[in-house]
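Quick notes on the structure that follows.
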There are 4 protein chains.
Amino acid sequence: MNFNNHHPSDSRKDKETVILDAACRVFREKGFHQARITDIAQTAGISYGLVYHYFKSKADLFDAILKEWWTGLFELMEKWDSEAASVEEQLAALVTYFLDQYQKKPDLVHIFITEISRSAANLTPTRLHWFKAFLSRTEKIMVVGQSREILRKDIKSRYLTYIFLGAIESFVSAMVLENQPLRSRAQKQRIAIGLLQVFMNGAKPINS
Amino acid sequence: MNFNNHHPSDSRKDKETVILDAACRVFREKGFHQARITDIAQTAGISYGLVYHYFKSKADLFDAILKEWWTGLFELMEKWDSEAASVEEQLAALVTYFLDQYQKKPDLVHIFITEISRSAANLTPTRLHWFKAFLSRTEKIMVVGQSREILRKDIKSRYLTYIFLGAIESFVSAMVLENQPLRSRAQKQRIAIGLLQVFMNGAKPINS
Amino acid sequence: MNFNNHHPSDSRKDKETVILDAACRVFREKGFHQARITDIAQTAGISYGLVYHYFKSKADLFDAILKEWWTGLFELMEKWDSEAASVEEQLAALVTYFLDQYQKKPDLVHIFITEISRSAANLTPTRLHWFKAFLSRTEKIMVVGQSREILRKDIKSRYLTYIFLGAIESFVSAMVLENQPLRSRAQKQRIAIGLLQVFMNGAKPINS
Amino acid sequence: MNFNNHHPSDSRKDKETVILDAACRVFREKGFHQARITDIAQTAGISYGLVYHYFKSKADLFDAILKEWWTGLFELMEKWDSEAASVEEQLAALVTYFLDQYQKKPDLVHIFITEISRSAANLTPTRLHWFKAFLSRTEKIMVVGQSREILRKDIKSRYLTYIFLGAIESFVSAMVLENQPLRSRAQKQRIAIGLLQVFMNGAKPINS
DNA sequence: TATGAATGAGCTTTCATTCAT
DNA sequence: AATGAATGAAAGCTCATTCAT
């Protein structure tokens with residue numbers, strides 16, 4: 001068999017992927033506005049114009065990247081509605097998702113944090129929509145946690161959401177900043193557990 | 001007496017302040033790269049060219065803003081070296097500084113979070129230097145906390161730093177995002193205490 | 001018999017015609033410079049690259065269209081040299097040619113008017129050559145008319161040419177602009193006669 | 001007196017005029033779409049960016065040019081409503097306006113003819129609006145002429161309009177094409193009278 | 001001090017043309 | 001013959017910075 005011959009339709013997918021990966025890296029390095037199409041094309045090892053053969057604009061390319069991120073995240077969270085996952089399991093799954101993604105695609109996570117999560121005030125309507133949906137879905141977990149008396153009620157559920165996500169983001173940012181790749185599965189475990197413990201302990205009802 | 005005639009040097013200070021305030025607002029609204037000198041001049045109610053009379057470049061103007069932030073922060077932290085402040089007092093002071101600043105100059109805090117703290121990978125050498133100094137100084141508090149057995153030792157001091165700062169940032173971000181001004185001193189107190197409790201509880205040694 | 005199998009050269013002709021027709025329409029709709037090869041290929045229902053299989057460039061394709069126009073026109077006018085056609089007959093034939101062509105290929109006439117006749121200053125040497133030959137040939141008719149005393153001599157023959165062609169063009173332009181197809185043979189007749197009468201009456205020697 | 005010192009506000013007007021003149025020339029030479037801002041800037045003897053200091057876009061610059069044309073034309077035609085000008089006087093005034101303008105600003109007339117009058121199918125809504133208003137206003141003259149029995153009634157008033165304007169345009173085009181400047185007032189008179197005679201004679205009722 | 005005109009490098013996007021399959 | 005991916009040269013527009021007044 002000839003493994004070098006892709007199916008024709010694969011070719012498009014392949015190139016798209018090459019461009020998306022390159023874009024991901026460049027967007028992470030420079031941010032959306034400072035990233036130049038030239039950089040992306042060079043990183044992808046293709047010509048300038050080809051980027052526009054596959055994506056209709058820089059914004060379109062950026063959205064394609066974000067879509068990958070959100071799709072994965074919402075798929076994960078939709079499962080929880082059907083399964084009867086506990087609050088801790090859900091939060092653990094969220095932490096794990098961020099760390100997993102960071103291991104596989106650190107650029108993607110970095111883009112989410114810097115370009116979406118922290119600049120939420122300047123988002124386009126579509127991007128803001130996804131982001132708010134994500135916040136709402138996370139807050140729902142906190143509300144359940146409060147009603148089950150495993151999370152303090154004297155802090156608004158929305159604030160708990162911010163603390164939790166902030167901690168995750170900080171960790172990932174830290175690793176990005178210090179260029180610490182997540183080396184082992186064990187290290188990932190340790191971080192996930194530590195993070196979750198700190199949050200659950202910190203946010204548990206005071207006299208429980 | 002002629003109240004309109006300031007001392008010459010005051011006049012300079014006044015204009016500088018006007019420009020800095022305007023820049024602060026514009027940088028917050030659009031981010032450094034998207035902010036245009038035109039916007040700043042218009043916001044300040046002065047002419048285009050005058051900005052360049054007081055600041056030699058856009059970057060220079062931005063640095064002047066950051067300097068204000070870092071100066072306040074390092075003044076605060078230098079005191080701790082001479083005084084014998086407890087870990088909790090120091091952390092509380094940090095939280096309070098962020099919240100105070102947010103109350104007085106929300107734009108400044110926003111800029112710190114979005115342009116410095118979260119984009120640390122892209123900072124200029126000078127800016128990165130300040131930022132790392134701040135992280136180190138904060139980590140020192142955590143190390144002391146660990147040696148005094150009030151913070152868990154099984155989480156690296158640097159990680160504790162990230163969790164702590166991440167929580168602060170998340171809170172402030174949340175308020176920025178939701179346009180929540182800090183209305184009362186009481187509200188500020190409540191948030192500061194809540195934040196500190198969550199962290200100290202979460203990070204305290206497990207079998208203590 | 002197999003009606004699907006053309007002689008090879010027929011097939012080439014067919015495709016060429018399809019492309020030419022499509023190009024004609026697109027050039028008319030957008031003008032030469034704004035017309036894109038993509039548009040032409042899509043209109044022709046063929047692939048992008050195939051256009052370049054049949055025509056070596058966009059300009060080449062455009063020239064092929066013009067050639068069709070000029071060929072018809074010069075064939076008509078060459079006949080007059082051998083036949084002894086009267087001035088009125090020749091002018092009537094010209095009007096009729098424009099109206100006939102407009103009925104059969106309105107796009108072609110439109111292109112002639114907008115891209116050739118009215119932008120003569122920007123024509124390529126080849127295109128300008130055709131155009132000037134046409135003007136000269138028409139002027140010859142006017143000169144004869146003047147020598148036979150059926151056209152005023154106090155207006156330069158070249159000016160008479162412009163007035164005459166201008167009137168034809170205006171009519172056709174009008175129909176193009178108002179999207180008026182030439183519905184009936186009778187309507188065509190009426191317009192042709194009207195046009196000719198206005199010109200001949202207007203241009204006849206004053207005290208004749 | 002110092003004639004070199006303009007009033008400050010004149011400076012803006014001056015530069016605007018310089019740019020408009022340059023643009024006029026370039027648009028005439030290359031047409032709107034082929035004209036490059038670089039060309040205009042170079043022709044005007046200024047830097048690239050300055051064009052955008054005075055006009056917000058290429059289209060805006062073009063519209064400013066057209067406005068000059070239409071303003072003059074409509075001012076002329078509005079007068080006729082108040083005065084009791086005869087049909088012939090009005091038509092003569094139109095011819096004269098075109099010839100006058102051609103003498104003063106041949107580029108402007110050329111642009112009107114090639115970019116507006118002959119490409120009417122592709123005009124932007126605003127440009128089409130002006131153009132249609134002009135056609136209507138001219139048609140009104142023809143209608144009056146028909147009711148006063150000095151123009152044939154068996155040709156639609158709209159068609160008379162096209163013949164008339166077509167003749168004017170042809171003349172001007174001819175002069176543009178052959179680079180014939182209108183040298184003397186006498187020559188202008190001769191052309192105007194000739195043109196009008198041809199039209200009035202050609203279009204007069206047949207058995208009058 | 002203060003103004004805003006002037007400059008030009010830089011970036012996105014388009015599209016004719018080429019080329020591998 | 002036929003396809004459409006690939007290339008890269010334009011060209012419009014923006015905006016930091018400079019400069020004359």
Side-chain angles (χ1 to χ4, degrees), chain A residues 5 8 11-12 14-16 19 33-41 44-61, chain B residues 8 11-12 14-16 32-42 45-61, chain C residues 8 11-12 14-16 32-42 44-61, chain D residues 5 8 11-12 14-16 19 30 33-41 44-61:
Chain A
N5 265 339
S11 170
R12 177 167 190 100
D14 287 356
K15 260 308 158 44
E16 258 182 40
I19 296 173
H33 286 293
Q34 269 43 60
R36 288 170 304 155
I37 300 294
T38 305
D39 300 328
I40 295 172
I46 58 169
S47 79
Y48 197 100
L50 197 57
V51 175
Y52 284 89
H53 189 74
Y54 288 94
F55 299 92
K56 73 178 209 293
S57 72
K58 191 177 158 184
D60 189 47
L61 180 49
Chain B
S11 169
R12 173 164 193 103
D14 287 355
K15 270 288 162 53
E16 259 182 39
F32 176 75
H33 287 292
Q34 269 44 59
R36 289 169 305 162
I37 300 293
T38 306
D39 300 327
I40 295 171
Q42 256 164 22
I46 60 168
S47 81
Y48 197 93
L50 198 55
V51 175
Y52 282 88
H53 188 76
Y54 288 93
F55 299 92
K56 77 176 206 292
S57 73
K58 192 176 159 184
D60 189 47
L61 180 49
Chain C
S11 167
R12 174 165 191 101
D14 287 354
K15 270 288 161 53
E16 260 184 39
F32 176 74
H33 286 292
Q34 268 44 59
R36 289 168 305 162
I37 301 292
T38 305
D39 300 326
I40 296 172
Q42 256 164 22
I46 59 168
S47 82
Y48 197 93
L50 198 55
V51 174
Y52 281 87
H53 187 77
Y54 287 95
F55 299 92
K56 76 175 207 293
S57 73
K58 191 176 159 184
D60 190 46
L61 180 50
Chain D
N5 263 340
S11 170
R12 175 166 193 102
D14 287 355
K15 261 307 158 46
E16 257 183 40
I19 295 173
K30 311 206 171 190
H33 286 292
Q34 268 44 59
R36 289 168 305 155
I37 301 294
T38 306
D39 300 328
I40 295 172
I46 58 169
S47 78
Y48 193 98
L50 197 57
V51 175
Y52 284 89
H53 188 76
Y54 287 93
F55 300 92
K56 75 176 205 293
S57 72
K58 191 177 159 183
D60 189 47
L61 180 48

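The chains referred to below are lettered A, B, ... by the order of the sequence lines, with proteins before strands, and numbering in each begins at 1. As a basis for the values below, the full set of heavy atoms in this structure was taken, side chains included, without hydrogen atoms, waters or symmetry mates.
Mapped onto DNA chain F by nearest heavy atom, A/Gly49 and D/His33 fall at different nucleotides, with A/Gly49 at the one closer to the 5' end. When each of D/Gly45 and B/Leu50 is assigned the nucleotide of DNA chain E bearing its nearest heavy atom, the one mapping closer to the 5' terminus is B/Leu50.
Nucleic acid contact class of B/Ala35 (heavy atoms, under 4.0 Å, all strands): sugar-phosphate only.
Separating the CZ atom of D/Arg36 from the P atom of F/dA9 is a distance of 15 Å, rounded to the nearest angstrom. In this entry the distance linking CD of C/Gln42 with C1' of F/dT3 reads 14 Å, nearest Å. Straight-line distance from the CZ atom of B/Phe55 to the P atom of E/dA2: 13 Å, rounded to whole Å. In this structure, the CD1 atom of A/Ile46 is 13 Å from the C1' atom of F/dG8, given to the nearest Å. B/Asp39 places its CG atom 16 Å from the P atom of E/dG4, with the value rounded to the nearest Å. When rounded to the nearest whole Å, the span between OH of B/Tyr54 and P of F/dT17 equals 19 Å. The distance from atom NZ of D/Lys58 to atom C1' of F/dC13 is 12 Å, rounded to the nearest whole Å. The CG atom of B/Asp60 sits 15 Å away from the P atom of F/dA16 (whole-angstrom rounding).
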Check your understanding: When you look at D/His53 and D/Glu16, which way does the side chain to side chain contact (heavy atoms under 4.5 Å, CB included) test go after all the steps?
Key -> CA-CA 10 Å; D/His53 188 76; D/Glu16 257 183 40; over 6 Å; no
Point to revise | Test side chain to side chain contact (heavy atoms under 4.5 Å, CB included) applied to C/Tyr48 and C/Gln42, step by step | key: CA-CA 8 Å; C/Tyr48 197 93; C/Gln42 256 164 22; over 6 Å; no
Review point. Run the side chain to side chain contact (heavy atoms under 4.5 Å, CB included) check on D/Tyr52 and D/Ile37 step by step: do they pass?
Key: CA-CA 9 Å; D/Tyr52 284 89; D/Ile37 301 294; 3.5 Å; yes
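Listed nucleotides: F/dA2, E/dA16, E/dA2. Nearest to the side chain of B/Lys15: E/dA2. Set against E/dG4, F/dT7, F/dG12, the side chain of D/Ile37 has F/dG12 as its closest nucleotide. The listed nucleotides are E/dA6, F/dA2, F/dA5; the one nearest the side chain of D/Ser47 is E/dA6.
Considering every non-hydrogen atom in both D/Gln34 and C/Gln34, the closest pair reads OE1-OE1, 4.2 Å. A/Leu50 approaches A/Ile19 most closely through the heavy-atom pair O-CD1, 4.3 Å.
Checked by distance alone, B/Tyr48 brings a side-chain donor or acceptor within 3.5 Å of a matching partner on the base of F/dA16. Not a single donor-acceptor pair, N or O on each side, falls under 3.5 Å between the base of F/dT7 and the side chain of A/Tyr52.
Taking 4.0 angstrom as the limit, D/His53 places a side-chain polar atom (N or O) nearer than this to OP1 or OP2 of E/dA5.
In this entry E/dG4 has F/dC19 as its Watson-Crick or G-U wobble partner, both defining distances falling under 3.5 Å.
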